Enquirer: 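Starting off with a structure, shown below.
Just so it is clear: chains get the letters A, B, ... in the order the sequence lines come, proteins before strands, and each one is counted from 1. From a predicted model like this one, the values you see are computed outputs, not experimental measurements.
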Amino acid sequence: MTIKVTFPDGAARDYARGTTGTTVVEGISKSLAKKTVAMRWNGVLSDLSDALEADGKIEFVTRDSGSADVLELIRHDTAHVLAEAVQELWPTTQVTIGPVIENGFYYDFKRDEPFSEDDFPAIEKKMAEIIDRGAAFTKEIWSRDQAKAFFNTRGENFKVELVDAIPADQSLKMYKQGQWIDLCRGPHMRTVKDIGNAFKLTKVAGAYWRGDSNNPVLSRIYGTAFATKEELDAYLHMIAEAEKRDHRKIGQEMDLYHFQPEAQGSVFWHPKGYVLYNQMETYIRRRLNSSGYVEVKTPQLMSSKFWEASGHWGKYRENMFVVPDEVPGTEEEGPVLSGKGELMALKPMNCPAHIQIFNQGIKSYRDLPLRMAEFGCCHRNEAHGALHGLMRVRQMTQDDAHIFCREDQIQSETEHFVHLLYSVYAHMGFSDVVIKLATRPEKFGGTIERWDAAEKALGDALRATGYDFEIAEGEGAFYAPKLEFHLKDAIGRSWQVGTLQLDYVLPERLDATYVAEDGSRKYAVMLHRAILGSLERFIGMMIESYAGKMPMWLAPVQVVVATIVSEADETAEKLVRQLRSAGIRAELDARNEKINYKVREHSVGKVPLMFVVGKREAEEGTVSVRRLGTEGQKVVPFMDALVELMAEATPPDLKAKAA
RNA sequence: GCUGCCGUAGCUCAGUGGUAGAGCACCCCCUUGGUAAGGGGGAGGCCGACAGUUCAAUCCUGUCCGGCAGCACCA
């Protein structure tokens, strides 16, 4: 009985059925066999030692190919070796799972005494030893009972749970490397030696068993591995460089904002940071105005009764700041609060308030769509461990808006929004946007028909815009599907910024109706949408993406006029006045310091432009223009420099109009 | 909130069971210097908070607060 094996170049050969990939590659060439660590059999990444049972296509995965397959295999194998090393060092440790992730791998352990990074050298040394021993990976298919009995006797309770979780129609694969054995779906390389020496443990952290906070916390060790030491070093260097762009670091260096414990998670915007903030807000306001939005402002503090009606009191209260509506006691002794005051809450969202405005008067179908925007300052009592610089705060300002529309307007409004959002992101310098369509969760409100229609409307709208998107299965809100727009920070963490959420529920709860063409009352459909998400987070993303070197229109200080000699002070002062009256954010540096010193300081401070004035320039009416990030300078008439700067400082949306 | 690590001057960081140090920044003086740190001097700290151990705690222990990484949650 023979089978036909087809090679990537299209050639085919016959082999006895049951021939292994190893035999096939060894039959081709010794040198190819030497570097082949796995294969793709009919497109599926597989153990090289797998027997080939039918006709198919084979591709060999060589260790030096630099392919994603090789990285995946190396990292997966390294995770196994990590687990073996840990159990060899601390035999009572239970192993759980150890998957490959972006840029590396991790392995979750259960150990009474959690790991610390101080354990890394010992673990890494043991891993090197294991790799050196060079055990082969071998695969065995076990029965469910056999596997459970095996793990039970070893006290591996988590593995027993995993065995139970594997669907009955799937076979259980056990991979052995020397004496160590693990339940694993594979595949693996030939031997642990194929891993090489380019691996490193990077961090430890707690993680819940199966990602559920009701479960025990496991100790997770993260690591990474590459095919070569050079690639590992390059990766570590890249991460170190990226960390320099951390907005928390740059925010301090550039004196943009700060946090302090008395207002945990709330930003103190410094003058320079607030320039940035205001520029962003003004820009968005212009974009919304010209896109048919109206702007409103709603109360910060509203009665709990109001939040009961909206449903937030029941579902969202643990994230709300609640404030009693009473005069606090002022006696030295005695309680500040009686506990009897009616409760109010700081708004965590703007939507219910916008419905109150919508509900004033009677709306006609002619009024729809009504696009109501607010720079809404919201407070959310976020878990302390979730706070993260500007990215995750407790007080934030959303560039929020609610579009009240008819069902048949959902798709066109969504398209309109997505185009606006992409135009904004392009102006902000972001092109790498990940869109997710979050679909019906397990627990949902409303009918399946309505969900299907809503998901279809959002999907169709996205397809009409031509942007790619992923489906985030089951991650929709309770009441409707949503679109999420994600960007990545300096070290590759993904943050949701923009959003569009469909909502049928709140209009019904709060009675947001309009009079339809036929005179009947109908509930409006509500689209919650934000482009930046929150100004705080988006500014954080901007700082990281530009490494603090903001484009001219956003730069807190656009130009510093610096003198070389004190004879030029008067001229420099005059230039700063002229720049400022032209709307340029200019500062004077007439300190008694050398020009080298001033150039360095403002370069470090990421000021995009310097106008240097010495004796010569002062006499000639010129400035020596130095641009951040470039060497050298050019001397030009001041008025020319001013005109050029004004053009460059024009926000991108206004620039486009002028052109 | 959970797990681990961390908390010394405005910033970056040394350091010790006997109440503290550097560089930069800040202030003063000298220097007027042509594109990434000129020189000298000075001031600056309840060593995160509170307890405990000790003759003695910034250092050891505990609790709390805050920060960092990840988890969970989320814009």
Enquirer: Take atom C1' in B:rG44 and the same atom in B:rA22, then report the distance between them in whole Å.
Expert: 14 Å
Enquirer: When rounded to the nearest Å, what value does the distance between P atoms of B:rG67 and B:rG34 take?
Expert: 48 Å
Enquirer: Toward the 5' end of RNA chain B, which comes first, A:Asp118 or A:Glu601, by nearest nucleotide?
Expert: A:Asp118
Enquirer: Taking the six-membered ring for Trp, are A:Tyr283 and A:His427 closer than 6.0 Å centroid to centroid?
Expert: yes
Enquirer: Can you identify which nucleotide, out of B:rU32, B:rC5, B:rG33, has its nearest atom closest to the A:Ser566 side chain?
Expert: B:rU32
Enquirer: Would A:Arg111 and A:Phe109 count as a cation-pi pair here, with the cationic atom under 6.0 angstrom from the ring centre and within 45° of the axis?
Expert: no
Enquirer: Is the phosphate of B:rG66 approached by A:Gln260 (side-chain N or O, under 4.0 Å from OP1 or OP2)?
Expert: no
Enquirer: Grab the CZ-P distance between A:Phe259 and B:rG7 for me, whole Å please.
Expert: 22 Å
Enquirer: Could you tell me whether the side chain of A:Thr78 and the main chain of A:Ala225 form a donor-acceptor pair under 3.5 Å?
Expert: no
Enquirer: Once you round it to whole Å, what is the distance between P of B:rU32 and CG of A:Asp589?
Expert: 18 Å
Enquirer: Taking CZ from A:Phe611 and C1' from B:rG34, how many angstroms apart are they, rounded to a whole number?
Expert: 17 Å
Enquirer: I want to confirm an ordering. Mapping A:Glu567 and A:Val612 to their closest nucleotides on RNA chain B, which one lands closer to the 5' end?
Expert: A:Glu567
Enquirer: Is there a side-chain polar atom (N or O) of A:Tyr597 under 4.0 Å from OP1 or OP2 of B:rG34?
Expert: no
Enquirer: Rounding to an integer number of angstrom, what distance separates B:rU12 and B:rU19 when you compare their C1' atoms?
Expert: 25 Å
Enquirer: Given atom CG of A:Leu609 and atom C1' of B:rU35, what is their separation to the nearest angstrom?
Expert: 13 Å
Enquirer: A:Gln252 side chain N/O closer than 4.0 Å to the phosphate oxygens (OP1, OP2) of B:rG10?
Expert: no
Enquirer: For a quick check, with a 4.0 angstrom heavy-atom cut-off, what is the B/S/- contact string for nucleotides 69-75 of chain B, read 5' to 3'?
Expert: SBBBBBB
Enquirer: If you compare every side-chain N and O of A:Arg626 against the phosphate oxygens of B:rA36 (OP1, OP2), does one of them come in below 4.0 Å?
Expert: yes
Enquirer: Atom CG of A:Asp119 and atom P of B:rG4: how far apart are they, to the nearest Å?
Expert: 12 Å
Enquirer: Could you check whether A:Arg220 makes a cation-pi contact with A:Phe115, meaning its NZ or CZ is under 6.0 Å from the centre of the six-membered ring and within 45° of the ring axis?
Expert: no
Enquirer: Please, what dot-bracket string fits RNA chain B when only Watson-Crick and G-U pairs with both distances under 3.5 Å count, crossing ones use [ ] and pairs to another strand use |?
Expert: (((((((..((((....[..)))).(((((.......))))).....(((((..]....))))))))))))....
Enquirer: Taking B:rA25 as the reference, what is the distance to B:rA57 when you measure between their P atoms (whole Å, please)?
Expert: 37 Å
Enquirer: For A:Glu617, answer base if it contacts any base atom (sugar-phosphate contacts may also be present), sugar-phosphate if it contacts only those atoms, and nothing otherwise; contact means non-hydrogen atoms under 4.0 Å.
Expert: base
Enquirer: With sequence neighbours excluded, tell me which residues meet salt bridge (charged side-chain N to carboxylate O under 4.0 Å, His left out) with A:Arg245.
Expert: none
Enquirer: Touch check for A:Lys615, heavy atoms < 4.0 angstrom, all strands: base, sugar-phosphate only, or nothing?
Expert: base
Enquirer: Once you round it to whole Å, what is the distance between P of B:rU32 and CZ of A:Arg616?
Expert: 18 Å
Enquirer: So, for A:His258 and A:Phe268, is the gap between ring centers shorter than 6.0 Å?
Expert: yes
Enquirer: If the C1' atom of B:rA9 is compared with that of B:rG42, how far apart are they to the nearest Å?
Expert: 15 Å
Enquirer: Partners of A:Glu281 by salt bridge (charged side-chain N to carboxylate O under 4.0 Å, His left out), sequence neighbours excluded?
Expert: A:Arg285
Enquirer: Grab the CD-P distance between A:Glu593 and B:rG39 for me, whole Å please.
Expert: 11 Å
Enquirer: Expressed as a whole number of angstroms, how long is the span from A:His258:NE2 to B:rG67:P?
Expert: 12 Å
Enquirer: Restricting to pairs with a member in residues 597-622 of chain A, which pass ring pair (Phe, Tyr, Trp, His ring centres under 6.0 Å), not counting sequence neighbours?
Expert: none
Enquirer: Tell me which pairs pass side-chain hydrogen bond (donor to acceptor under 3.5 Å, both in side chains) where either residue lies in residues 528-544 of chain A, with sequence neighbours left out.
Expert: A:His247-A:Glu544, A:Tyr293-A:Arg529, A:His402-A:His528, A:Asp503-A:His528
Enquirer: Taking B:rG40 as the reference, what is the distance to B:rG10 when you measure between their P atoms (whole Å, please)?
Expert: 24 Å
Enquirer: Does the gap between the ring centers of A:Phe538 and A:Tyr425 come in under 6.0 Å?
Expert: yes
Enquirer: Counting side-chain heavy atoms from CB outward, which of B:rA36, B:rG38, B:rG34 is closest to A:Lys594?
Expert: B:rG38
Enquirer: What distance, rounded to whole Å, do you find between the two C1' atoms, one in B:rU58 and one in B:rG48?
Expert: 11 Å
Enquirer: Would you say the ring centroid of A:Tyr235 lies under 6.0 angstrom from that of A:Phe226?
Expert: yes
